[in-house]
Undergrad: 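There's a structure below that I have some questions on.
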2 protein chains.
Amino acid sequence: MSNKRSQPKRERILDVAEELFALHGFDGVTLRQIANGAAVDVALASYHFGKKLDLFNAVFERRADLLNSARLDALRACQSSAGEAGPEVEQIIEAFLRPLELAQETGDPGWQHYLALIAYINNSPYWGPRMMSKLFDQLVEEFIAALRKALPGALEEDLYWCYHNLSGALTLTLAQTGRIDKLSGGKCRSADFEAAYDHMIPFVAAGFREVCVNRRNATD
Amino acid sequence: MSNKRSQPKRERILDVAEELFALHGFDGVTLRQIANGAAVDVALASYHFGKKLDLFNAVFERRADLLNSARLDALRACQSSAGEAGPEVEQIIEAFLRPLELAQETGDPGWQHYLALIAYINNSPYWGPRMMSKLFDQLVEEFIAALRKALPGALEEDLYWCYHNLSGALTLTLAQTGRIDKLSGGKCRSADFEAAYDHMIPFVAAGFREVCVNRRNATD
DNA sequence: TTTAAATTTCAACGCTTGTTGAAATGTGCG
DNA sequence: CGCACATTTCAACAAGCGTTGAAATTTAAA
């Protein structure tokens, strides 16, 4: 089938494509730039993946299952350790975000490029509708179900808008634009995912509670 | 200098460029697509704006001052109506977000495309550092100063991470990807900025207070 | 109406794009 | 080795790209 020496070049194409697509988007990268970065002939990308769009999809598929499994495992784990009532909001958000640190943990810089690429498609009016549902809908619905249970009586509308706010904050974090580094004068660093999540978890949890619980009960 | 009949074609180029750049990004749009959409010859874009990148910049400059003025006026207004202690967090966030509804108010669909374009560059690792500071740094620092005053004792680090979360939630809203429409089964609509801000303001305000005040005082 | 300037179109340029078929090279098995 | 097959390179294609100089047209003032 596939021999051992051939894999490195195929993988290198995916690595470079991942990084360049994350930085410049689908149309901002040429197959020749990718081939050049991987020290490989242009035609090799077509041989392994077909059209440019197929290569784009292959980049996503390579890590999709691993990422979704890590996040789902984290959710299951906090559900198990919680009692009958289910986990608290903070624990659910934590399970949603912390596995994304595997980018740092594994030491594979490709993970960071991959997450930046997800940020790119999630924020794109063109790619978002075409790719996000297929990749993440199932996982997201599980997390929202857990949040629904942790916030009894919450309106569906409130629940989804809050998730939208969480998704936006996360997306900008994954995009790694370095804007917060400059704004804060170096006090915050875009690359420090741990610090980002340390602040995002209580921020988002408080937002969920305010919108889904406190504000609604106040008018009862 | 510039006559009256020439403006329509120049403006139409900007309108179409604004819409297509917001949807597909800088590299995903060709000058011929823009010219075609504006029912104009390709060379006319070069005549009016120069290089493709100059046209890109012209799209931003057209509405930048108007947008920044509207948001700054809103901040000044809530500062005036507040007392010596300054406005509350909610009022500041409100002043930051509500002027963005002028997209709907003016009935000009170009505003929505413009805001989607800002979302595109803010989330882009390539364009973000090149364009965001020039366009928004001054305004953002004013709002953060107001928030600093409304959250006495807040750590600078906390303040900027919270602003980062706000910026992310806003960016995904402006991007108009329609993802929340599908996820919520139609209960939430991306195009409904008013609903988005109605949920974002209490969400973000609660997040700021939790991270900058409650959590820090708990360990004192 | 004449005239000069601004606007718009036309036609083409040199270059890059994604893609492909055929040739060359490498690999593992008998 | 010799053979089959996977991999990689080479060379080239048609199409589309941004850009430009010159011609045609429209506009505004004299």
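Computed from heavy atoms alone, side chains included, the values below leave out hydrogens, waters and symmetry copies. The sequence lines fix the lettering, A, B, ..., with proteins before strands; numbering per chain opens at 1.
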Undergrad: Let me know the distance between CZ of B/Phe49 and P of C/dT8, rounded to the nearest Å.
TA: 10 Å
Undergrad: Rounded to the Å, how far apart are B/Asn36 CG and D/dC17 P?
TA: 11 Å
Undergrad: Who pairs with B/His113 by ring-ring contact (aromatic ring centres under 6.0 Å, His included), at least two apart in sequence or on another chain?
TA: none
Undergrad: May I ask you to verify if any side-chain N or O of B/His48 is less than 4.0 angstrom from the OP1 or OP2 atom of C/dT8?
TA: yes
Undergrad: For A/Asp181, enumerate each residue passing the salt bridge (charged side-chain N to carboxylate O under 4.0 Å, His left out) test, keeping only those at least two apart in sequence or located in another chain.
TA: none
Undergrad: With sequence neighbours excluded, tell me which residues meet ring-ring contact (aromatic ring centres under 6.0 Å, His included) with B/Phe56.
TA: B/Phe21, B/Phe26, B/Phe60, B/Trp127
Undergrad: What is the distance from CG of B/Leu44 to P of C/dA11, rounded to the nearest Å?
TA: 17 Å
Undergrad: Does any pair with a residue in residues 93-122 of chain B pass salt bridge (charged side-chain N to carboxylate O under 4.0 Å, His left out), and if so which ones, sequence neighbours excluded?
TA: B/Arg63-B/Asp108, B/Glu94-B/Arg98, B/Arg98-B/Glu101, B/Arg98-B/Asp198
Undergrad: Could you check whether B/Ser69 and B/Asp73, counting side-chain N and O atoms only, form a donor-acceptor pair closer than 3.5 Å?
TA: no
Undergrad: Who passes ring-ring contact (aromatic ring centres under 6.0 Å, His included) against A/Phe136, sequence neighbours left out?
TA: none
Undergrad: List for me each residue that meets salt bridge (charged side-chain N to carboxylate O under 4.0 Å, His left out) alongside A/Asp54, sequence neighbours excluded, and say none if there are none.
TA: none
Undergrad: Atom pairs under 3.5 Å, N or O on each side, protein against nucleotides 17-23 of chain C: can you list them with distances?
TA:
from: C/dT17; atom 1: OP1; to: A/Thr30; atom 2: OG1; distance (Å): 3.4
from: C/dG18; atom 1: OP1; to: A/Lys52; atom 2: NZ; distance (Å): 3.1
from: C/dG18; atom 1: OP2; to: A/Leu31; atom 2: N; distance (Å): 3.0
from: C/dG18; atom 1: N7; to: A/Arg32; atom 2: NH1; distance (Å): 2.7
from: C/dG18; atom 1: O6; to: A/Arg32; atom 2: NH2; distance (Å): 3.0
from: C/dT19; atom 1: OP2; to: A/Lys52; atom 2: N; distance (Å): 2.8
from: C/dT19; atom 1: O3'; to: A/Lys51; atom 2: NZ; distance (Å): 3.4
from: C/dT20; atom 1: OP1; to: A/Lys51; atom 2: NZ; distance (Å): 2.9

Undergrad: Does anything in residues 16-24 of chain A come within less than 4.0 Å of DNA chain D? Heavy atoms only, and list the residues if so.
TA: none
Undergrad: Report the residues that fulfil salt bridge (charged side-chain N to carboxylate O under 4.0 Å, His left out) with B/Asp27, sequence neighbours left out, ordered by chain and then residue number.
TA: none
